[in-house]
Amino acid sequence: MEPEKDAGAATGSLRERKKRETRQRISDVATALFGARGFDHVTVAEVAKAAEVSTMTVFNHFPRKEDLFLDRIPEAVELFSAAVRDRPEGTPPLAGLRELLLRLLDQGHPLAGVGDTFPHFWRIVLGSPALRARAREGVEELEDALAEAIGGPGARLTAALTVAAYRTVYVTTARRLLAGERAADIAEDHRARVDAAFDAVERALSPEA
């Protein structure tokens, strides 16, 4: 029976890989279209046609049109939640989150928000009221997930302060990139501002505060 189990696992793995590849292709096609014509001037049907899938397939992967562009919101929610949920025993939630954000920066991960391609991304977001609204919803979703992962008294306050602190760092970096500064020139300052933001949150939440 073992070979049958292995075959089933392989089939499942192949199916999941194909789903990921389809999702990525749809996202890449949508991003290119939005970049060329603006988010509000491209329909989901046009994205589906360019990606050579059905409109239903697009919605199976992305419940809303805005999620085609802001497709990393679920990843951000999971990464932040996991940083708290899977942190080593004895490690405070804030320490786990600080370590995550600095690691993302070191990896050059898109969620770190430091990269020379980001000005183009943010101009598309700023040019669309729908995308701006979805981005605000994403911040709320992140805060809710963090509060749940932290748990206990004060979880909501901790989550709100943490998200607000990092949002301040992220937005400052985005504005500097939009103003023409290079990512390489502001990466270390971004790191310092992450540390300063978390230091401030830790002080605010300290029993002595």
Side-chain angles (χ1 to χ4, degrees), residues 16 20 23 27 63-64 66-67 69-119 121-122 125 131-179 181-209:
E16 288 302 312
R20 289 194 299 270
R23 186 181 192 279
S27 176
R64 291 188 287 179
E66 291 80 12
D67 295 329
F69 194 70
L70 298 173
D71 60 330
R72 290 190 181 273
I73 289 176
E75 181 182 2
V77 168
E78 175 54 29
L79 283 173
F80 276 63
S81 299
V84 173
R85 189 176 59 244
D86 303 334
R87 70 192 189 279
E89 185 176 352
T91 300
L94 285 176
L97 289 165
R98 185 199 298 249
E99 191 278 332
L100 166 68
L101 294 173
L102 294 179
R103 185 173 73 249
L104 292 178
L105 177 62
D106 290 337
Q107 293 172 347
H109 194 287
L111 288 174
V114 184
D116 290 323
T117 62
F118 266 74
F121 171 86
W122 279 113
V125 173
L131 284 177
R132 294 199 303 273
R134 181 67 184 103
R136 288 192 293 271
E137 287 181 2
V139 171
E140 293 173 0
E141 291 170 19
L142 182 59
E143 186 178 313
D144 289 343
L146 265 184
E148 182 178 350
I150 293 168
R156 173 60 64 178
L157 176 60
T158 300
L161 288 176
T162 302
V163 172
Y166 185 59
R167 182 180 179 277
T168 299
V169 174
Y170 192 97
V171 168
T172 298
T173 293
R175 286 173 175 164
R176 291 180 64 178
L177 290 170
L178 283 166
E181 293 189 61
R182 301 281 296 177
D185 296 331
I186 61 177
E188 286 308 309
D189 181 65
H190 181 94
R191 178 188 301 278
R193 284 185 284 111
V194 168
D195 277 328
F198 274 82
D199 288 345
V201 173
E202 288 173 351
R203 288 195 299 271
L205 295 173
S206 171
E208 293 78 22

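The residues of the chain are indexed from 1 along the displayed sequence.
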L205 to T158 - nearest heavy-atom pair and separation: CD1-OG1, 3.6 Å
Please list, chain by chain and in numerical order, all residues satisfying salt bridge (Lys or Arg N to Asp or Glu O under 4.0 Å) with R182, sequence neighbours excluded. D116
Could you report the tightest heavy-atom contact between E181 and L177, atom names first, then the distance? O-CD2, 3.5 Å
Excluding sequence neighbours, so at least two apart, what forms side chain to side chain donor-acceptor pair (under 3.5 Å) with R98? D195, D199, E202
F198: what forms a ring-ring contact (aromatic ring centres under 6.0 Å, His included) with it, not counting sequence neighbours? none
For A147, all residues meeting side chain to side chain contact (heavy atoms under 4.5 Å, CB included), sequence neighbours excluded: R156, A159
Those residues at least two apart in sequence (or on a different chain) that pass salt bridge (Lys or Arg N to Asp or Glu O under 4.0 Å) with R72 are E75
I would like to know whether F80 and L101 meet side chain to side chain contact (heavy atoms under 4.5 Å, CB included); could you show each step before the answer? CA-CA 9 Å; F80 276 63; L101 294 173; 3.5 Å; yes
If a pair satisfies side chain to side chain donor-acceptor pair (under 3.5 Å) and one of its residues is in residues 161-171, list it, with sequence neighbours excluded. none
To the nearest 0.5 Å, atom CH2 of W122 lies from atom CG of L178 at 9.0 Å
So does R23 get a backbone contact from the side chain of S27, meaning a donor-acceptor N/O pair under 3.5 Å? no
Might you point out which heavy atoms bring V163 and E143 nearest each other, and give the distance in Å? CG2-CA, 4.0 Å
Heavy-atom nearest pair, R191 first then L105, reads CB-CD2, 3.7 Å
Working to the nearest 0.5 angstrom, can you tell me the gap between L142 CG and S81 OG? 7.0 Å
CD (E99) and CZ (R103) are apart, to the nearest 0.5 Å, by 4.5 Å
Looking at every heavy atom in both G96 and A83, which two are closest together, and how far apart are they? O-CB, 3.8 Å
Shortest non-hydrogen pair, P119 vs G115, comes out as CD-O, 3.9 Å
Between R85 and E148, is the salt bridge (charged side-chain N to carboxylate O under 4.0 Å, His left out) condition met? List the steps. CA-CA 10 Å; R85 189 176 59 244; E148 182 178 350; over 6 Å; no
Just by modelled atom types, is the T172 backbone N or O under 3.5 Å from a matching donor or acceptor in the R175 side chain? no
